[in-house]
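Counting starts at 1 for both ligands and their atoms, in listed order. For the numbers below, each heavy atom of this structure counts, side chains included, while hydrogens, waters and symmetry mates do not.
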Amino acid sequence: MEHVKFHYPDLAALRAELDRLGVTLPLSEDLSVLKTPAQVGRFTLANRLAVQPMEGCDGTAQGEPDELTVRRYDRFADSGAALIWGEACAVVREGRANPRQLWLHEGSLDAFKRLTDRIRERSMKKNGFAPLLILQITHSGRYAKPDRVPAPLIAYNNPIFEKDRPIDTSRILSDDALDALIPRFGEAAALAEKAGFDGADVKCCHRYLFSELMSAYTRPGKYGGSYENRTRLFFDAVRAAKDSVSADFLITSRLNVYDGFPYPYGFGVADGGGIVPDMTEGVRVAQTLEKEFGYSLLDITIGNPYFNPHVNRPYDLGGYVPPEHPLEGEARMFACVGAVKAACPGLTVISSAHTYLRALAPYLAAGAVQQGVSDLAGFGRMAFAYPDFASDILTKGALDAGRVCMTCGKCTELMRAGSTAGCVIRDAYYTNLYREVCKK
Ligand SMILES: Cc1cc2nc3c(=O)[nH]c(=O)nc-3n(C[C@H](O)[C@H](O)[C@H](O)COP(=O)(O)O)c2cc1C
């Protein structure tokens with residue numbers, strides 16, 4: 001099987017392909033809605049474009065933003081996006097996904113403070129507004145690798161992930177070990193506020209620890225089995241975060257509403273052995289976050305970047321050939337986002353995975369906002385490749401086809417090789433780095 005390459009010169013060609021496939025995406029040629037402000041709690045956002053969390057694996061050993069981190073956030077600050085969702089940042093050392101993952105603690109606080117000051121100052125100068133700044137706080141669980149070797153800390157054994165490499169049961173976090181993490185999220189949220197962020201994201205996506213627990217159907221005890229048990233730790237961590245910050249500080253989440261693995265190993269998947277999405281529980285989590293925890297903002301995503309990356313971020317180059325047309329993946333993503341927005345109209349909802357559409361992505365962003373599928377359009381890989389994507393969309397009404405992300409997957413390849421990550425095609429620093437990594 002070969003990749004179905006992106007070959008749509010314009011919206012009409014894209015629409016024809018969607019019709020041929022029998023799937024739909026919200027699309028609009030009128031981009032004006034992207035220039036309208038959005039309300040998130042007490043914050044008024046200047047436009048509808050957001051930079052999604054994009055980890056560069058380039059912090060210091062102590063978890064502070066380092067030179068390349070600052071360079072990346074300089075570019076994001078210049079982008080013109082009204083919201084910058086800071087990348088995965090560990091709450092404890094053993095929960096880091098790589099030895100250079102950001103890690104927020106008293107010792108790294110000042111460096112984070114300098115980073116938020118710098119982002120605001122640059123964006124004010126360049127764009128005339130300060131973006132909303134969120135920091136993603138997390139424990140990487142199954143993907144923990146605080147030193148150079150994997151050191152997974154899992155919620156339960158999962159035969160789908162562990163087919164070739166079973167993980168010893170001693171790596172299953174006990175209920176006591178999970179209990180002990182709750183206050184860590186409170187501390188991290190309080191530090192994020194001190195560091196100058198506007199909000200903290202208690203991360204629950206992509207099968208990192210809280211997201212994995214959502215599907216812990218087979219785990220015994222208070223964190224497994226029933227919906228109440230599977231969501232318990234996440235909600236307790238959200239409560240701890242809320243209790244540790246001022247009323248003005250946002251607590252939010254990036255939430256997986258669908259994992260794409262069959263029951264009993266995937267969240268948001270219909271019972272019966274297949275991988276058909278079932279939004280019942282994802283929507284219930286979103287409603288609880290809004291009604292019980294007072295969330296005003298939620299960032300929706302699906303899939304797992306290691307096991308089914310085509311679900312998480314459709315692509316058509318490199319990696320393995322996905323078992324579906326990338327546009328089917330896009331349609332699934334936007335159906336899932338739309339289900340949450342329909343159930344929680346009062347929440348400001350961010351959609352993910354616009355990048356595959358390359359220069360046509362603004363039409364999807366505008367269509368989704370216009371049709372009430374989402375309120376803000378979040379860009380991930382595009383922000384690496386084309387850091388001023390937002391100002392081009394807003395001021396020129398178009399993206400330059402020669403500058404867009406090609407969804408080649410090389411940024412992820414760099415990550416997986418233990419390197420720092422960035423755009424190999426459009427950013428000369430990473431083109432050279434990629435050559436060196438390949439030589440090795
Ligand atoms: C190199 C790389 C780093 C990423 N880092 C994070 C992260 O720190 N936190 C997170 O929630 N998602 C992360 N993602 C996922 C993106 O935020 C986004 O969901 C995904 O790339 C799909 O959006 P896109 O089509 O706009 O790229 C990362 C993706 C890539 C490729």
Any donor-acceptor pair under 3.5 Å linking the side-chain atoms of [Y] with those of [X]?
X      : Y      : result
Thr431 : Arg426 : no
Thr348 : Gln39  : no
Ser28  : Gln370 : yes
Asp299 : Trp85  : no
Glu292 : Thr288 : no

Below the 3.5 angstrom mark, is there an N/O of [X], backbone or side chain, next to an N/O of ligand 1?
X      : answer
Ser352 : no
Arg254 : yes
Pro53  : yes
Gly380 : yes
Tyr356 : no
Cys205 : no

### Task
Out of Arg381, Gln136, His206, Met415, indicate the one that has the non-hydrogen atom closest to atom 9 (N) of ligand 1.
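Looking at heavy atoms only, the winner is Gln136.
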
### Message
Nearest non-hydrogen contact with atom 8 (O) of ligand 1 belongs to which option: Ala88, Ala385, Gly56?
### Response
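Going through Ala88, Ala385, Gly56 one by one, Ala88 has the nearest heavy atom to atom 8 (O) of ligand 1.
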
### Query
Is the closest basic N to carboxylate O distance between Asp58 and Arg71 below 4.0 Å?
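Answer for the salt bridge query: no.
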
### Query
What residue and heavy atom of the protein are closest to atom 3 (C) of ligand 1, and at what distance?
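Going atom by atom, the protein heavy atom closest to atom 3 (C) of ligand 1 ends up being Glu55 N, 3.4 Å.
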
### Query
Going by heavy atoms, is Thr407 under 4.0 Å from ligand 1?
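Not so, Thr407 does not reach ligand 1.
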
### side-chain hydrogen bond (donor to acceptor under 3.5 Å, both in side chains) partner of Arg207, chosen from Asn256, Asp259, Asn312
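That would be Asp259.
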
### Query
Of all the atoms in ligand 1, which lie at a distance below 4.0 Å from a heavy atom belonging to Phe379?
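Numbered from 1, ligand 1 contributes 26 (O).
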
